[in-house]
Amino acid sequence: ASLQATFYGHTYENPFMNASGVHCMDTAELDGLATSAAGSFVTKSATAEGRDGNPEPRYVNIELGSINSMGLPNLGLSYYLDDAIKRQTAHPDQPFFLSVASYKGFDEYVANMKAIQDSAYTGLVELNLSCPNVPGKPQMAYDFEDTEKLLTEIFSFYTKPFGVKLPPYFDFMHFDKIAAVLNQFDLKFVNCINSVGNGLYIDDETDTVVIKPKGGFGGIGGEYVKPTALANVRALRQRLNPTIDIIGTGGILTGRDAYEHLLCGASMLQVGTQLYKEGLGVFDRLNTELLAILEAKGYNTIAEFKGKLATLD
Ligand SMILES: O=C(O)c1[nH]c(=O)[nH]c(=O)c1Cl
């Protein structure tokens, strides 16, 4: 059996990648991903200017996952663009994803995409509409009108391939509304989900929160979020034009979790919390475990079961 994954015209050795934010802050970490068993990788979400981010502690691993309120620390868009251009020149056969966000909101999103459009970078961009951790800044993707306005503005000048990173939604009306917005545009993919925003974890010895920013509120990742992640992958797959691929992110600890995301319709798979906890070896283990599942079920390729979740009707 083969774990080959086709995504926007390229065949990756396997569907696994890091989730933006984990192991992707600088060139050294990206080189680590590029030489790991991951099929591809994505950079830390960039803002126009470099940012220190929120005060520490701001990321904590907990038994069933992680909580973070990093606050968009990054080296600035020009750093990642320079790295990306060098990388696409040195390894044209190994496409990757450049993640871009915004600290200041709508106008910075537009300016950042203009900078990428005007640059020599020709690869995929993951437009992060779902950072939950910038105090005072609402998540773009929870404002359906603003999201539509932003994508309309971007598509008026942007000609390179990109997709969007979405937060989790928890209501069928919201699945319908975000899909209705996204289906209007020539997006190459949608990545579901970002962390489940503004959770709270309490240390059982000190009766204290565990992260400093926002009084301890932070995005939740890991085992906690798999049911929500699977639901969002499935709901968006059912609603989006087939030309828009899905990246599944959230709660992937084992080959079985990866298999379930593929059953729901994901094409690529991102790993955040478990990569943080386990290191780059997580990709070797996930490939081995997922391959064993295909063999056990008699599948030769992912295409044979991708999106084929059964229901009880
Ligand atoms: O606090 C962060 O940097 C952060 N943390 C997240 O969990 N998701 C994001 O998209 C971002 Cl941008």
Side-chain angles (χ1 to χ4, degrees), residues 17-26 29 41-62 64-77 79-80 97-105 108-109 112-113 125-143 147 150 162-169 178 189-201 209-226 228-229 232 247-252 270-277:
M17 359 180 352
N18 66 304
S20 179
V22 182
H23 209 288
C24 58
M25 185 63 76
D26 60 23
E29 288 196 324
F41 59 91
V42 58
T43 62
K44 169 63 187 173
S45 294
T47 49
E49 305 302 321
R51 288 176 44 77
D52 292 336
N54 291 336
E56 297 179 333
R58 59 193 188 181
Y59 177 103
V60 171
N61 284 320
I62 47 191
L64 298 178
S66 65
I67 183 167
N68 93 82
S69 183
M70 307 294 285
L72 262 171
N74 73 96
L75 296 171
L77 181 56
Y79 176 94
Y80 298 99
F97 296 68
L98 179 71
S99 177
V100 63
S102 164
Y103 173 63
K104 294 187 183 122
E108 186 185 329
Y109 271 119
N112 290 346
M113 291 298 271
V125 162
E126 182 174 279
L127 180 62
N128 183 355
L129 301 179
S130 45
C131 178
N133 300 323
V134 181
K137 308 276 182 188
Q139 288 194 44
M140 171 63 74
Y142 280 159
D143 184 322
T147 298
L150 176 62
F162 80 98
V164 294
K165 176 78 172 280
L166 297 178
Y169 299 96
I178 191 62
F189 69 92
V190 158
N191 183 344
C192 296
I193 60 174
N194 208 312
S195 52
V196 173
N198 294 301
L200 193 58
Y201 185 86
V209 303
V210 294
I211 56 172
K212 186 167 185 177
K214 294 174 63 175
F217 284 68
I220 302 295
E223 206 165 332
Y224 288 116
V225 309
K226 187 175 79 170
T228 297
N232 277 261
I247 296 178
T249 306
I252 298 179
Q270 293 188 351
V271 182
T273 300
Q274 196 55 30
L275 169 59
Y276 197 112
K277 289 182 173 182

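Positions are given from 1, in the same order as the sequence printed here. Predicted model only: the values in this text are computed from it and were never measured. Only this structure's heavy atoms are used, side chains among them; waters, hydrogens and symmetry mates stay out. Just so you know, ligand 1 is whichever comes first in the structure, and atom 1 is the first atom listed for that ligand.
No donor-acceptor pair under 3.5 Å is formed between the side chain of Ser130 and the backbone N or O of Gln139. The backbone N or O of Val42 sits less than 3.5 Å from a side-chain atom of Asn18, completing a donor-acceptor pair. Lys165 places no side-chain N or O within 3.5 Å of a backbone atom of Val100 that could act as its donor or acceptor partner. A distance-only check finds no donor-acceptor pair linking the side chain of Asn232 to the backbone of Cys192 [under 3.5 Å].
Ligand 1 has no N or O atom lying under 3.5 Å from any N or O atom of Ser69, backbone or side chain. At a 3.5 angstrom cut-off on N or O pairs, Met70 counts as close to ligand 1. When only interatomic distances are considered, the shortest N/O to N/O separation between Lys44 and ligand 1 falls below 3.5 Å.
For atom 12 (Cl) of ligand 1, the closest non-hydrogen atom of the protein is Cys131 SG, 3.1 Å. Summary of contacts: the protein heavy atom closest to atom 8 (N) of ligand 1 is Asn194 OD1, 2.8 Å.
Those atoms of ligand 1 that come under 4.0 Å of a heavy atom in Leu72, given as number and element, are 1 (O), 2 (C), 3 (O), 12 (Cl). For ligand 1, the atoms sitting less than 4.0 Å from at least one non-hydrogen atom of Asn133 are 1 (O), 2 (C), 4 (C), 5 (N), 6 (C), 7 (O), numbered in the order shown with element in parentheses. If you number the atoms of ligand 1 from 1 as listed, the ones under 4.0 Å from a heavy atom of Pro132 come out as 6 (C), 8 (N), 9 (C). Residue-ligand proximity, Pro73 to ligand 1, at heavy-atom distances under 4.0 Å covers atoms 3 (O).
Looking at Asn128 against ligand 1, only its side chain comes within 4.0 Å, counting heavy atoms. Counting heavy atoms closer than 4.0 Å to ligand 1, residue Asn54 contributes nothing at all.
Heavy atoms of Gly219 stay at 4.0 angstrom or farther from ligand 1. Residue contacts with ligand 1 include Gly71, since one or more of its heavy atoms lies under 4.0 Å from the ligand.
If you check the side chains of Thr249 and Asn191, you find a donor sitting under 3.5 Å from an acceptor. No hydrogens or angles considered: a donor-acceptor pair under 3.5 Å links the side chains of Asn198 and Lys214.
Sorted by first and then second residue, the salt bridge (charged side-chain N to carboxylate O under 4.0 Å, His left out) pairs involving residues 49-59 (not counting sequence neighbours) are Glu56-Arg58.
For the side-chain hydrogen bond (donor to acceptor under 3.5 Å, both in side chains) test, residues two or more places apart in sequence or in another chain that qualify with Glu108 are Asn112.
Within the 4.5 Å cutoff, the side chain of Tyr59 has no heavy atoms near those of the Asn54 side chain.
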